[in-house]
Amino acid sequence: MTDRYAVFGNPLSHSKSPLIHMTFARDTGADIDYGRVEAPLDGFAASVEAFRAAGGRGINITAPFKLDAYALATRRMPRAECAGATNCLKFENNEIIAENFDGIGLVRDIERNLRMPLAGKRVLLLGAGGAARGALLPILEALPSILTIVNRTRAKADAMQCQFARFGAIHVANGDEVGPRSFDVVLNATSASLRGELPAFAAESIAPGALAYELAYGKGLTPFLTFTRSAGAGPLADGVGMLVEQAAEAFAWWRGTRPRTRSLIDDLTIPLE
Ligand code: ATR
């Protein structure tokens, strides 16, 4: 019997999720159907319940429903719990189980695809919203030598530092406080690029050849990537690898088989130049 999955969001017109999951299904021989549900802004829970009642096995969740999905869950896995948000639900034995694969997808992309192990590296994370919260635990688990958070609203970064203190040491700084050449990896987890804006931080904090990673996918050379490149960053990346890797984690969680990701990442990559 065909197992049904879907991505929920609003708007959804540009979602690559159906393409990604149907490619995984083809490659692993899984009999699934993966649709898209543009739920009304005030009707997420009812839409999910209808999908579940019709035999749906699981869903991915994108903006603006990651918090609603978290609230709907009857059980939350540790990464979802830490992020306070979920991008993936599994329906099993009358339970709605919540996971968050965004951070693990990011770390897998950096470490395996971009070949930059984070252990011992100095990492700067820009932002303290949902995307940053989703990334934080997997980054700490990768054991960087230092993790500094810079956020426009300092109080939000301070709160995140307190909340995550039991998982590892986190520094919080203002953008102009970070020291010269202090970071090997700079991650933009703010939503500034969606409006063509640059999150403020000191250019000299970037070590020569540092990895600059824009979590948003498909925005081209964002102000962040342009700024970091002119400040001496080496490899530049956008979130295409993260997108595919988090989907692979979700697929494996639902189906028990982890699909290959390399050729799909290559297919979806839009050159940054
Ligand atoms: P998301 O789920 O995409 O993370 P969010 O939870 O609304 O969205 O968080 C947006 C993040 O981007 C926040 O850290 C925000 O900074 P503030 O906490 O100061 O609002 C950050 N952000 C958005 N626009 C920005 C800009 N122009 N410069 C710097 N930071 C920005």
Side-chain angles (χ1 to χ4, degrees), residues 7-12 14-17 39 41 44 60-72 76 79-89 98-107 109 123-140 147-164 170-178 183 186-203 205-206 212-228 231 237-240 242-243 246:
V7 58
F8 280 61
N10 188 338
L12 262 187
H14 297 299
S15 174
K16 299 278 184 229
S17 245
L41 292 177
F44 174 74
N60 280 130
I61 305 99
T62 187
F65 296 129
K66 290 184 180 183
L67 299 180
D68 303 76
Y70 183 80
L72 202 61
R76 293 161 186 136
R79 284 186 293 245
E81 189 96 52
C82 279
T86 174
N87 77 331
C88 190
L89 294 177
E99 251 291 11
N100 192 316
F101 294 119
D102 284 333
I104 198 82
L106 170 69
V107 169
D109 189 40
V123 177
L124 173 62
L125 178 66
L126 303 173
R133 298 174 64 83
L136 204 49
L137 182 58
I139 293 173
L140 284 170
L147 173 60
T148 298
I149 302 177
V150 165
N151 192 49
R152 181 176 61 183
T153 309
R154 165 93 186 219
K156 280 202 225 168
D158 288 334
M160 222 159 83
Q161 179 190 38
C162 285
Q163 198 204 332
F164 284 83
I170 298 170
H171 291 84
V172 175
N174 294 326
D176 56 0
E177 274 173 12
V178 282
F183 297 106
V186 186
L187 307 167
N188 184 16
T190 75
S191 54
S193 303
L194 305 183
R195 288 178 299 280
E197 294 165 4
L198 175 70
F201 69 106
S205 66
I206 298 168
Y213 197 113
E214 171 75 73
L215 271 65
Y217 162 61
K219 303 288 170 211
L221 265 183
T222 60
F224 165 77
L225 290 175
T226 307
F227 177 77
T228 47
D238 77 353
V240 62
M242 173 180 175
L243 178 72
Q246 65 77 25

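When reading the values below, keep in mind they use all heavy atoms of this one structure, side chains included, and skip hydrogens, waters and symmetry mates. Ligands are counted one by one from 1 in listed order, and the atoms in each one are counted from 1 as well.
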Taken to the nearest 0.5 Å, the spacing of L225 CG from D238 CG works out to 7.5 Å
Counting heavy atoms under 4.0 Å, the part of K66 that contacts ligand 1 is neither
Under 4.0 Å from one or more heavy atoms of G127, ligand 1 contributes atoms 14 (O)
**Study point:** N100 side chain vs D102 backbone, donor-acceptor pair below 3.5 Å
**Key:** yes
Can you say whether the rings of F224 and F201 are parallel (under 30°), tilted (30 to 60°) or perpendicular (over 60°)? tilted
Taking only non-hydrogen atoms of P199 and a 4.0 Å limit, the atoms of ligand 1 in range are 28 (N), 29 (C)
Under 3.5 Å donor-acceptor, S15 side chain and L12 backbone:
no
protein heavy-atom neighbour closest to atom 13 (C) of ligand 1 works out as N151 OD1, 3.8 Å
Ligand 1 to K156, heavy atom cutoff 4.0 Å, flagged ligand atoms 17 (P), 18 (O), 20 (O)
Nearest heavy-atom contact between Y70 and A80 is CE1-O, 3.3 Å
of all protein heavy atoms, closest to atom 9 (O) of ligand 1 is G129 CA, 3.4 Å
For L198 and P223 the tightest heavy-atom approach is CD1-O, 3.6 Å
among protein heavy atoms, the one nearest atom 6 (O) of ligand 1 is G130 N, 2.9 Å
message: Using ring centroids (six-membered ring only for Trp), state whether F44 and F65 fall under 6.0 Å.
response: yes
The answer for which part of T190 has a heavy atom under 4.0 Å from ligand 1 is both
- Query: Between the side chains of T153 and N151, is a donor N or O closer than 3.5 angstrom to an acceptor N or O?
  - Reply: no
Candidates S191, G134, A200; heavy atom nearest atom 11 (C) of ligand 1 found on S191
re atom 17 (P) of ligand 1, the protein heavy-atom contact at minimum distance is T153 OG1, 3.5 Å
Check your understanding: ligand 1 and A131, any nitrogen or oxygen pair closer than 3.5 angstrom?
Key -> yes
Between A132 and M160, the two heavy atoms sitting closest are CB-CE, 4.0 Å
To atom 24 (N) of ligand 1, the nearest of R195, M160, E197, R133 on a heavy-atom basis is R195
Contact region, R152 to ligand 1, non-hydrogen atoms below 4.0 Å, reads both
Exercise for review: Ignoring angles and geometry beyond distance, decide whether A132 reaches within less than 3.5 Å of ligand 1 through its nitrogen or oxygen atoms.
Suggested key: no
A128 heavy atoms within 4.0 Å reach ligand 1 at atoms 14 (O)
Spell out, as yes or no, whether a donor-acceptor pair under 3.5 Å connects the side chain of T86 to the backbone of E99. yes
